[in-house]
Amino acid sequence: MICAKGLIGCTLEFRDTSGVIVETEAYDAQGDPACHTWSRPSAREFVSINRAGTVYVYLNYGMHWMLNFLVKGKREGFVLIRAIQPIRGLELMQGRRIGRTLNQLCNGPAKLTQAMGINGAQHGADPLSDSKWVLRFPSVAPDIAVSTRIGITVAADYPWRFLMKGSSFVSRPQ
DNA sequence: CGCTAGATGAGA
DNA sequence: CTCATCTAGCGA
């Protein structure tokens, strides 16, 4: 999905923390067995009642919060933020993830939500009207690598994982 | 009501 | 490799 690719290199700010998005994955609301909309009526309702950009957060494995943004238009679905390069609020983030090095701070979907303090309370937030959230686009387009999605058991072969080429802050190298 | 599969991460 | 920990959705 184009939007997932376009978010690579963007700076994401939430409250007092920020970072550059270096890894994303796309989930298509149409015909993608790995997307929540495939088996969850509540996810389909979320897509229909919210506008593009809305924050979709959910709890996985009973303890890990996953951050997504809603995509709408011709293709609809979610972009999962899988890793960021920490920029601002380093002390705050390291305080939430004791003992982790800078490289290990936000190199995974659950790690970055823990570090940035993102949880279910943010589900449904609208970054366009909520000053806690800021998304800035890069001045120069970054080099992007594409690979298959990881961590899922169905439709994992879709080439919908995007990484900033050469970044050492991705969850795992391509 | 009971059951179970997860878009994971930490630790041994 | 194991296991922590919870909930939407589904079948009975």
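So you know, we letter chains A, B, ... as the sequences are listed, proteins then strands, and number each from 1.
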### Message
If you only use heavy atoms from C-beta on, which nucleotide in B/dG9, B/dG6, B/dA7 is closest to the side chain of A/Thr153?
### Response
B/dG6

### Task
Run the salt-bridge test on A/Lys132 and A/Glu13 with the 4.0 Å N-O cut-off and return the result as yes or no.
no

### Query
If Ile, Leu, Val, Met, Phe, Trp and Tyr residues are connected whenever their side-chain heavy atoms lie under 4.5 Å apart, and connections chain through other members, are A/Phe169 and A/Ile87 in the same group?
yes

### Query
What residue among A/Ile84, A/Asn119, A/Leu12 forms side chain to side chain contact (heavy atoms under 4.5 Å, CB included) with A/Leu67?
A/Leu12

### Message
What contact category does A/Ala110 fall into here, base, sugar-phosphate, or nothing, at under 4.0 angstrom with non-hydrogen atoms?
### Response
sugar-phosphate

### Query
Any side chain to side chain donor-acceptor pair (under 3.5 Å) pairs touching residues 151-165 of chain A, not counting sequence neighbours?
A/Glu23-A/Arg161, A/Ser147-A/Arg161

### Query
Start at the 5' end of DNA chain B and walk down; is the nucleotide closest to A/Lys111 or to A/Tyr56 reached first?
A/Tyr56

### Message
Is there a salt bridge (charged side-chain N to carboxylate O under 4.0 Å, His left out) between A/Glu45 and A/Arg40? Walk through the geometry before answering.
### Response
CA-CA 9 Å; A/Glu45 193 197 0; A/Arg40 289 161 79 139; over 6 Å; no

### Summary
Contact string for nucleotides 3-12 of chain C, one letter per nucleotide 5' to 3', B = base within protein heavy-atom range under 4.0 Å, S = sugar-phosphate only, - = neither, reads -BBB-SSS--

### Message
For the P atoms, the ones on B/dA5 and on C/dA12, what distance do you get once it is rounded to whole angstrom?
### Response
16 Å

### Message
I'd like to know whether A/Ile81 forms a side chain to side chain contact (heavy atoms under 4.5 Å, CB included) with A/Asn68, so could you lay out the CA-CA distance, the side-chain angles of the two residues, the decisive distance to 0.1 Å, and finally the verdict.
### Response
CA-CA 6 Å; A/Ile81 308 301; A/Asn68 300 252; over 6 Å; no

### Task
Please measure how far the C1' atom in B/dA10 lies from the corresponding atom in C/dT7, and state the result in whole Å.
22 Å

### Task
Measure the distance from NE2 on A/His123 to P on B/dA7 and round it to the nearest whole Å.
15 Å

### Task
Looking at every strand, decide which applies to A/Arg149 at a 4.0 Å heavy-atom threshold: base, sugar-phosphate, or nothing.
nothing

### Message
List the residues meeting ring-ring contact (aromatic ring centres under 6.0 Å, His included) with A/His64, not counting sequence neighbours, and say none if there are none.
### Response
none

### Summary
A/Tyr56 meets the ring-ring contact (aromatic ring centres under 6.0 Å, His included) criterion, sequence neighbours left out, with A/His36, A/Phe46, A/Phe78, A/His123

### Query
If two hydrophobic side chains count as joined below 4.5 Å and joins carry through other members, does A/Met66 share a cluster with A/Met63?
no

### Message
Could you tell me how far apart A/Trp38 (CH2) and B/dA7 (C1') are, to the nearest whole angstrom?
### Response
16 Å

### Message
For a stem of at least 3 consecutive Watson-Crick or G-U pairs with distances under 3.5 Å, i pairing with j, i+1 with j-1 and so on, which stems involve DNA chain B?
### Response
B:1-6 with C:6-11, B:8-11 with C:1-4

### Message
Let's go through A/Ser171 and A/Arg82 carefully: what are the C-alpha distance in whole Å and the side-chain angles of both, what is the deciding distance for side chain to side chain contact (heavy atoms under 4.5 Å, CB included) to 0.1 Å, and is it a yes or a no?
### Response
CA-CA 7 Å; A/Ser171 63; A/Arg82 285 197 54 92; 3.3 Å; yes

### Query
Expressed in angstrom and rounded to an integer, what is the separation of A/Arg172 atom CZ from B/dT8 atom P?
10 Å

### Message
Please determine whether salt bridge (charged side-chain N to carboxylate O under 4.0 Å, His left out) holds for the pair A/Asp32 and A/Arg75, giving the CA-CA distance in whole Å, both sets of side-chain angles, and the decisive distance to 0.1 Å.
### Response
CA-CA 12 Å; A/Asp32 177 7; A/Arg75 301 287 288 279; over 6 Å; no

### Query
Contacts to DNA chain B from residues 94-106 of chain A, heavy-atom cutoff under 4.0 Å, which residues?
A/Arg97, A/Arg100

